There are 2 protein chains.
Amino acid sequence: MTSISKDTAAADPSSPDPGPDPGPAADAATGWSRVTARDIAEELGVSVSTVSRAFTENAVIAPETREKVHQAAERLGYQPNPFARSLITRRSKIAGIVVADITNPFYPEVLASLTRRLQDTGLQTMLFFAGPGRKTDDALPTLLQYSPDVAIVLAATMSSEMVTACRAAGTPVVLFNRYVPGSGAAAVCCDNFDGGRQVAEALAAAGHRRLAYIAGLPDTSTNTDRLRGFVERCAQLGVEAPIVEEGGSFTYEAGFTAVKRLMDRRNPPDAIFCANDIIAIGALDAARRELGLSVPRELSVVGFDDISMAAWPSYSLTTVRQPVNAMIETTIDEAQRLLAHPQAQAEEHTLPGRLIRRGSARLEETT
Amino acid sequence: MTSISKDTAAADPSSPDPGPDPGPAADAATGWSRVTARDIAEELGVSVSTVSRAFTENAVIAPETREKVHQAAERLGYQPNPFARSLITRRSKIAGIVVADITNPFYPEVLASLTRRLQDTGLQTMLFFAGPGRKTDDALPTLLQYSPDVAIVLAATMSSEMVTACRAAGTPVVLFNRYVPGSGAAAVCCDNFDGGRQVAEALAAAGHRRLAYIAGLPDTSTNTDRLRGFVERCAQLGVEAPIVEEGGSFTYEAGFTAVKRLMDRRNPPDAIFCANDIIAIGALDAARRELGLSVPRELSVVGFDDISMAAWPSYSLTTVRQPVNAMIETTIDEAQRLLAHPQAQAEEHTLPGRLIRRGSARLEETT
DNA sequence: CTGAAAGCGCTAACAC
DNA sequence: GTGTTAGCGCTTTCAG
């Protein structure tokens, strides 16, 4: 697969070779050497169509012809030009991924797995960064230029007009870890609501009396659903309503500063549920290093995501694990479904999360 | 024969629009539909060439014509198809980025800044993941298919054959944070050798007597250069040669386990220089949580990179800061230079790093 | 300054 | 099964 046209000297009898033979279609001046289907066709004395067919699944072509073409291609270093191809097929074999917040370690992890899985499916990834400062909607026209077979939006909201525009352009959109109700965009999420409930339950069962929530970016479904589940379950269990402290964003600093405000209150909480892991880690650091608190003896901290850092001994963070791999599979499936059936109704998928008990929260009833 | 044969008859003066009025792009607000240059041309009664010229810098076209075209384009939601364009211009306006190790938080940070800066330059990013398990060389043929205007390789080595293949295909390669001597690939690195020297100097000056180095991935220039600078400077300063402990990879776990082996020795070190930050953080965690050591009183730990985590209070890691932004600018400049002058000699750029003194190392002479 | 014509490299009918 | 013929949407000579 690594071969490049090297020793194909005999191919072109007419041209006086300047130095080492660059093979067919070489442009010595620019350094450009791109082997085309025609080069292969001429080399083999077949038509370009035949060469094309050799590289098309389910094309009618004699097996031995295909083999011959593949060999020649290998030898001369030919690969079909995906741009020319997609001009006709109207399939770009490209997935456009929009990332809003790479600061949160959850997303590099997702991005890596997602891209890899996409590659396995034959889709290459084009990456677009939105915020901060750049809205998702702004990144999308550029993305749409490339008419990707699917647009996957990580950690960001988008306007329903934009979703409509994408669909009009034939590009299905799948939101990952967000949903925009009524937008018509497909979405794949962890069950944030239930995750919040699980945390409330575990914390209440362990006898925590005064609960708090450190919020992330307002108006995001992840943030509000986790909170809603948490609050609602507290109410059901007869636990006093949690204090809600605005973090403002899903960042380390948000958690770091919020926890200090929280513990400054007359009546500080004995357990804090954070909108996500990176907030929780910030909170943990501030609690221990700045406030000198012993975790979990004096304060329990719970996160959400289960990023790899959560398992590090320094943090040993109790958290709700998002089923990332399942979410990725679902995302890819949904994308393929939407691509295959352009008229299909976009679906919102919700996958269950699971509370991972580590050391940052006291979760057994103390005796 | 030639391409224009579709509506020779029907496309006369005022074509009566069938049904919904505005023609090909009803949703002006949403900004996109599959509108082609021809739609604009017909709408305006000009030729496709003119439309094309309106979107080409330095093309000869009347300013008011260009304006007219732009307005129509805006109104109908037209954007040039980059694939069709690049078929002719042989410039894809795409940067191919190969990432090997996203586990190391240094790279998401780089990736984000790099992609953003590239976007500012008018280049979109295609992302390819190599290892673990997938070699860089394997990712490159796929990348080359898209004939990106530049290939940027993060954190990975590649064979010089592959570099040659890329150049032959007209794609300049810039290695970021690695170099492969004699490969002919351009490279942008922090001065790892000097970084190692700086650490040796600071550690020696503070009176540390027994030094150690936790190595990362063997045979990478980052790893070996940092070590070389460290060892060499120690020798010059008359400090006993550092113990070298193999970590095996640039990971948290590598640091975590290596430090335990190191401290298990008869004659354990009192200062450890780690091949990068994430190793150092693993080492720090193991030293404190597993071995119960007080840092920096009983053990100094120094990293390399200055990832954002290094500044967190839990770690407060003393480390050598890589000049990431300058490295990115250099990378982009070098890429553009190589693209503009295909025959130009690829250069290896080395930018100075700086030791950031935080709390994980005792760097003043104790009294 | 603009339009007509000729492709870029490829796939997709349609013949044979 | 394979070749021939039309384009995909665009840029680019080359006339005028």
Side-chain angles (χ1 to χ4, degrees), chain A residues 24-25 27 30 32-69 73 76-93 144-147 169-170, chain B residues 1-8 11 24-25 32-42 44-69 73 76-93 144-147 169-170:
Chain A
D27 186 339
T30 60
W32 244 99
S33 156
R34 184 86 173 139
V35 186
T36 74
R38 202 162 91 186
D39 297 320
I40 307 296
E42 281 168 4
E43 169 87 4
L44 258 40
V46 299
S47 73
V48 226
S49 319
T50 299
V51 176
S52 171
R53 283 190 264 259
F55 285 95
T56 311
E57 290 286 3
N58 318 327
V60 276
I61 182 174
E64 61 266 26
T65 311
R66 166 171 275 151
E67 185 50 33
K68 224 171 49 183
V69 171
L76 304 194
Y78 167 75
Q79 290 184 285
N81 180 326
F83 299 148
R85 171 181 279 176
S86 73
L87 216 47
I88 295 194
T89 61
R90 306 177 152 265
R91 283 275 177 283
S92 57
K93 290 291 191 181
L144 248 23
Q145 271 200 303
Y146 292 87
S147 37
Chain B
M1 280 290 158
T2 34
S3 36
I4 319 292
S5 69
K6 221 175 181 177
D7 45 0
T8 34
W32 219 93
S33 175
R34 202 146 259 139
V35 186
T36 74
R38 204 162 91 181
D39 296 321
I40 306 296
E42 282 168 4
L44 257 39
V46 298
S47 71
V48 250
S49 321
T50 299
V51 176
S52 170
R53 283 190 263 260
F55 285 95
T56 312
E57 291 288 1
N58 318 328
V60 276
I61 181 172
E64 60 267 26
T65 310
R66 165 171 276 151
E67 185 52 31
K68 223 171 50 183
V69 172
L76 305 193
Y78 167 75
Q79 289 184 285
N81 180 326
F83 299 149
R85 171 179 278 178
S86 73
L87 215 47
I88 295 193
T89 62
R90 336 211 86 188
R91 283 273 177 282
S92 57
K93 291 290 190 181
L144 246 23
Q145 272 201 303
Y146 291 87
S147 37

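Chain A is the first sequence line, chain B the second, and so forth, proteins listed ahead of strands; every chain is numbered from 1. What you are looking at is a predicted structure, and each value in this text was computed from that prediction instead of being measured.
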J.: Where the side chain of Thr65(B) is concerned, which of dC10(D), dG9(C), dC1(C) is the nearest nucleotide?
T.: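 Shortest atom-to-atom distance from the side chain points to dC1(C).
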J.: When you measure from the side chain of Ser147(A) to the backbone N and O of Leu144(A), does any donor-acceptor pair fall under 3.5 Å?
T.: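 Such a contact is absent between Ser147(A) side chain and Leu144(A) backbone.
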J.: Is there any protein nitrogen or oxygen under 3.5 Å from a nitrogen or oxygen in nucleotides 12-16 of chain D, and what are the pairs?
T.:
| unit_1 | atom_1 | unit_2 | atom_2 | d |
| --- | --- | --- | --- | --- |
| dT12(D) | O4 | Ser49(B) | OG | 3.0 |

J.: Under 4.0 Å between a side-chain N/O of Tyr146(A) and OP1 or OP2 of dG9(D), yes or no?
T.: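 No, Tyr146(A) has no side-chain N/O under 4.0 Å of OP1/OP2 on dG9(D).
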J.: Can you check the Leu44(A) CG to dG1(D) C1' distance for me, whole Å?
T.: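 Atom-to-atom, Leu44(A) to dG1(D), this comes out as 15 Å.
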J.: To check you understand the geometry: which heavy-atom pair defines the closest contact between Pro82(A) and Gln145(B), and what is its length?
T.: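 That closest heavy-atom pairing would be CD-O, 3.2 Å.
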J.: Roughly, in whole Å, what's the span from CZ in Arg38(B) to P in dT11(D)?
T.: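 Result: 15 Å.
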J.: Quick one: Asn58(B) CG to dC1(C) C1', roughly how many Å, whole number?
T.: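 About 16 Å, once rounded to whole Å.
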J.: Does the side chain of Thr36(B) reach to within under 4.5 Å of the side chain of Asn81(B), using non-hydrogen atoms?
T.: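 Answer no - side chains too far apart.
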J.: If I take atom CD in residue Gln79(B) and atom P in nucleotide dT11(D), what distance separates them, rounded to the nearest angstrom?
T.: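 So the CD-P distance, Gln79(B) to dT11(D), works out to 13 Å.
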J.: Looking only at heavy atoms, what is the nearest atom pair of Ala41(B) and Val48(B), with distance?
T.: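 So the two residues come closest at CB-N, 3.8 Å.
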J.: Between Glu42(B) and Arg38(B), does any side-chain N to carboxylate O distance fall below 4.0 Å?
T.: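 Here Glu42(B) pairs with Arg38(B) in a salt bridge, since their nearest N and O are under 4.0 Å apart.
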J.: Does any non-hydrogen side-chain atom of Lys93(A) lie less than 4.5 Å from one of Arg85(A)?
T.: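 No - every pair of side-chain heavy atoms lies 4.5 Å or more apart.
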J.: Taking atom P of dT11(D) as reference, at what distance in whole Å does atom CZ of Arg91(B) sit?
T.: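 Those two atoms, CZ and P, are 15 Å apart.
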J.: Tell me the interatomic distance from Phe83(A), atom CZ, to dC10(D), atom C1', rounded to whole angstroms.
T.: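 After rounding, the gap between these two atoms is 14 Å.
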J.: Working to the nearest 0.5 angstrom, can you tell me the gap between Ile88(B) CD1 and Arg91(B) CZ?
T.: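 One finds 14.5 Å between CD1 of Ile88(B) and CZ of Arg91(B).
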J.: Could you write out DNA chain C as a dot-bracket string, with dots for unpaired bases, | for bases paired across to another strand, and Watson-Crick or G-U pairs counted at under 3.5 Å?
T.: |||||||||||.||||
J.: Mapping Ile61(B) and Val51(A) onto DNA chain C by nearest heavy atom, which one lands closer to the 5' end?
T.: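 With Ile61(B) and Val51(A) compared, the 5'-side residue is Ile61(B).
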J.: By nearest nucleotide on DNA chain C, pick out whichever of Ser47(B) and Leu87(B) is the more 5' one.
T.: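 Its nearest nucleotide lies further toward 5', so the answer is Ser47(B).
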J.: Could you go through residues 49-58 of chain A and list every donor-acceptor pair under 3.5 Å that involves a side-chain atom there, pairing it with any protein atom two or more places apart or in another chain?
T.:
| unit_1 | atom_1 | unit_2 | atom_2 | d |
| --- | --- | --- | --- | --- |
| Thr50(A) | OG1 | Ser47(A) | OG | 3.2 |
| Thr56(A) | OG1 | Ser52(A) | O | 2.8 |

J.: Check every strand shown and say whether Pro80(A) touches a base, only sugar-phosphate, or nothing at a heavy-atom separation below 4.0 Å.
T.: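 Counting heavy atoms under 4.0 Å across all strands, the contact made by Pro80(A) is with sugar-phosphate only.
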J.: Just how far is it from atom CZ of Arg34(B) to atom OH of Tyr78(B), taken to the nearest 0.5 Å?
T.: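 Nearest 0.5 Å value for the CZ-OH distance: 13.0 Å.
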J.: In whole Å, I'd like the distance from the CG atom of Asn81(B) to the C1' atom of dG7(D).
T.: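 The distance from CG of Asn81(B) to C1' of dG7(D) comes to 14 Å, rounded to the nearest Å.
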J.: Round to a whole Å and report the spacing from CD of Glu42(B) to C1' of dG3(C).
T.: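 Spelled out: CD on Glu42(B) to C1' on dG3(C) is 14 Å.
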J.: Check whether any side-chain N or O of Arg90(B) sits under 4.0 Å from OP1 or OP2 of dT11(D), and answer yes or no.
T.: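 No.
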